[in-house]
J.: 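I have a structure I would like to understand better, so I am pasting it below and will then ask my questions one at a time.
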Amino acid sequence: MTATIEQQYQRFLQVNALLAEEADHIDRRRWREWVDMYTEDSVFWVPAWRNEDETTQDPKREISLIYLPQRGIEDRVFRFSSGDSYASTPLPTTCHTVGSVRVVEDQGSELRVLAKATVVTMDPRTGVTTRGVWYDYRLLERDGRLLIAAKTATLLETVIDGTVDVYNV
């Protein structure tokens, strides 16, 4: 059964709200709320660039900038919010602007969503960094709520100047 235009539009609004909420939680450092947006078996991945045109494809066999399987995002949040991460102390402020959102696959309880973002990081040690990012999400609907089961954040920089962490991609 094909969804009506109104159903597709409502789903699009629901997805946009989720991505805006995620960005807001990160920017306002609402770490518990942010972690709770992910499923227990979620994967957060930032692939590396293999060359100018191609990223790595297999985080278990190739280099990644960040790879956090099985709720590893929660462990990472604990490290930088507790002060255990020297590279994140003091914690920079960020501003995520998410747009160009497309629901490319909607199987009812599972969706694939693409989006783009500009992330500005203000770090007192290094100054302001602006990054372009492509997002690829796998979302699951559980009890009427969308959750993030997988997030791939592809940085458009082929050479990284500075640190990269889950909060500034």
Side-chain angles (χ1 to χ4, degrees), residues 9-48 59 64-104 110-157 160-169:
Y9 180 65
Q10 291 303 316
R11 182 63 105 179
F12 175 77
L13 292 176
Q14 184 183 22
V15 166
N16 268 275
L18 177 81
L19 300 188
E21 179 183 2
E22 182 192 24
D24 197 49
H25 286 331
I26 296 167
D27 293 341
R28 295 178 188 273
R29 300 179 182 177
R30 292 188 201 127
W31 305 124
R32 178 76 279 157
E33 292 89 343
W34 182 45
V35 169
D36 288 345
M37 296 180 76
Y38 286 77
T39 62
E40 290 294 325
D41 59 348
S42 65
V43 174
F44 187 100
W45 182 38
V46 182
S64 298
L65 299 177
I66 299 172
Y67 179 61
L68 301 170
Q70 305 262 331
R71 201 68 171 199
I73 192 169
E74 190 166 13
D75 295 336
R76 185 67 201 135
V77 166
F78 173 78
R79 283 191 38 87
F80 65 68
S81 63
S82 68
D84 283 346
S85 172
Y86 177 74
S88 300
T89 304
L91 193 62
T93 54
T94 59
C95 182
H96 290 69
T97 304
V98 181
S100 300
V101 178
R102 295 187 315 133
V103 178
V104 294
E110 185 171 345
L111 295 89
R112 182 162 173 254
V113 173
L114 303 176
K116 297 191 174 36
T118 302
V119 181
V120 179
T121 302
M122 287 73 61
D123 189 320
R125 296 165 298 164
T126 60
V128 176
T129 303
T130 303
R131 291 193 161 101
V133 187
W134 296 334
Y135 292 139
D136 189 333
Y137 287 92
R138 187 169 64 86
L139 306 177
L140 298 178
E141 186 168 21
R142 294 195 179 145
D143 299 322
R145 179 178 178 224
L146 288 178
L147 296 171
I148 301 166
K151 179 179 181 179
T152 301
T154 303
L155 293 178
L156 301 185
E157 303 161 86
I160 303 299
D161 184 22
T163 60
V164 174
D165 212 320
V166 294
Y167 51 78
N168 64 359
V169 294

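Because the structure is a prediction, the values reported are computed rather than measured.
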J.: Mark yes when over 12 heavy atoms from residues, nucleotides or ligands other than Trp45 sit less than 6.0 Å from its CH2; otherwise mark no.
T.: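 Yes, because the 6.0 Å sphere around CH2 of Trp45 holds more than 12 heavy atoms from other groups.
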J.: Asp136: which residues meet the side chain to side chain donor-acceptor pair (under 3.5 Å) condition with it, sequence neighbours left out?
T.: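 Asp136 satisfies side chain to side chain donor-acceptor pair (under 3.5 Å) with Arg112 once adjacent residues are dropped.
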J.: If we only count heavy atoms from C-beta on, is the Ile160 to Arg131 side-chain gap below 4.5 Å?
T.: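 Side-chain contact under 4.5 Å: yes.
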J.: Would you call Trp134 and Leu156 a side-chain contact if the rule is heavy atoms closer than 4.5 Å?
T.: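 Side chain of Trp134 against side chain of Leu156, heavy atoms only: contact under 4.5 Å found.
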J.: By side chain to side chain donor-acceptor pair (under 3.5 Å), which residues pair with Asn16, not counting sequence neighbours?
T.: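 With sequence neighbours excluded, Asn16 shows a side chain to side chain donor-acceptor pair (under 3.5 Å) to no residue whatsoever.
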J.: To the closest 0.5 Å, what do you measure between CE (Met122) and OG1 (Thr130)?
T.: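 It is 9.0 Å, given to the nearest 0.5 Å.
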J.: Restricting to side chain to side chain donor-acceptor pair (under 3.5 Å), what partner residues turn up for Arg145, sequence neighbours left out?
T.: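 Residues passing side chain to side chain donor-acceptor pair (under 3.5 Å) with Arg145: none at all.
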J.: Identify whether the distance between the nearest side-chain nitrogen and carboxylate oxygen of Arg32 and Asp36 falls below 4.0 Å.
T.: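 Yes, Arg32 and Asp36 are salt-bridged.
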J.: Do any side-chain atoms of residues 90-101 form donor-acceptor pairs under 3.5 angstrom with protein atoms, and if so which ones, sequence neighbours left out?
T.:
from  : atom 1 : to     : atom 2 : distance (Å)
Thr94 : OG1    : Asp27  : OD1    : 2.7
His96 : ND1    : Asp27  : OD1    : 2.6
His96 : NE2    : Tyr167 : O      : 3.3
His96 : NE2    : Val169 : O      : 3.3

J.: Can you tell me how far apart CG (Leu155) and CD1 (Ile66) are? Round to the nearest 0.5 Å.
T.: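 If I round to the nearest 0.5 Å, the distance is 7.5 Å.
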J.: Show which side-chain atoms of residues 18-25 pair as donor or acceptor with protein atoms under 3.5 Å away, not counting sequence neighbours.
T.:
from  : atom 1 : to     : atom 2 : distance (Å)
Glu21 : OE2    : His25  : NE2    : 3.2
Glu22 : OE1    : Tyr137 : OH     : 2.5
Glu22 : OE1    : Lys151 : NZ     : 3.4
Glu22 : OE2    : Trp34  : NE1    : 3.1
Glu22 : OE2    : Tyr38  : OH     : 2.6
Glu22 : OE2    : Lys151 : NZ     : 3.0
Asp24 : OD1    : Arg28  : NE     : 2.7
Asp24 : OD2    : Arg28  : NE     : 3.2
Asp24 : OD2    : Arg30  : NH1    : 3.2

J.: Where do Pro47 and Ala153 come nearest, in terms of heavy atoms and distance?
T.: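 Where Pro47 meets Ala153 most closely, the heavy atoms are CD-O, 3.5 Å.
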J.: How many angstroms lie between atom OG1 of Thr39 and atom CG of Leu140, to the nearest 0.5 angstrom?
T.: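 Answer for the OG1-CG pair, Thr39 versus Leu140, is 6.0 Å.
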J.: Quick check on Arg29: does its CZ atom have over 12 non-hydrogen neighbours (other residues, nucleotides or ligands) under 6.0 Å away?
T.: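 Yes, because the 6.0 Å sphere around CZ of Arg29 holds more than 12 heavy atoms from other groups.
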J.: How long is the span from the CE atom in Met37 to the CD1 atom in Ile73, to the nearest 0.5 Å?
T.: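 Output value for this atom pair is 10.0 Å.
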J.: Under the rule for side chain to side chain donor-acceptor pair (under 3.5 Å), what residues qualify as partners of Arg142, not counting sequence neighbours?
T.: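 By the side chain to side chain donor-acceptor pair (under 3.5 Å) rule, Arg142 matches no residue at all.
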J.: Quick one: are Thr129 and Asp123 in side-chain contact, heavy atoms under 4.5 Å?
T.: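 With C-beta onward as the side chain, the pair stays apart.
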J.: Roughly how far apart are Ile148 CD1 and Leu111 CG, rounded to 0.5 Å?
T.: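 Rounded to the nearest 0.5 Å, the CD1-CG separation comes out at 12.0 Å.
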J.: Please report the interatomic distance CG(Leu68) to CG(Asp75), rounded to the nearest 0.5 Å.
T.: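 Reported value, rounded in 0.5 Å steps: 8.5 Å.
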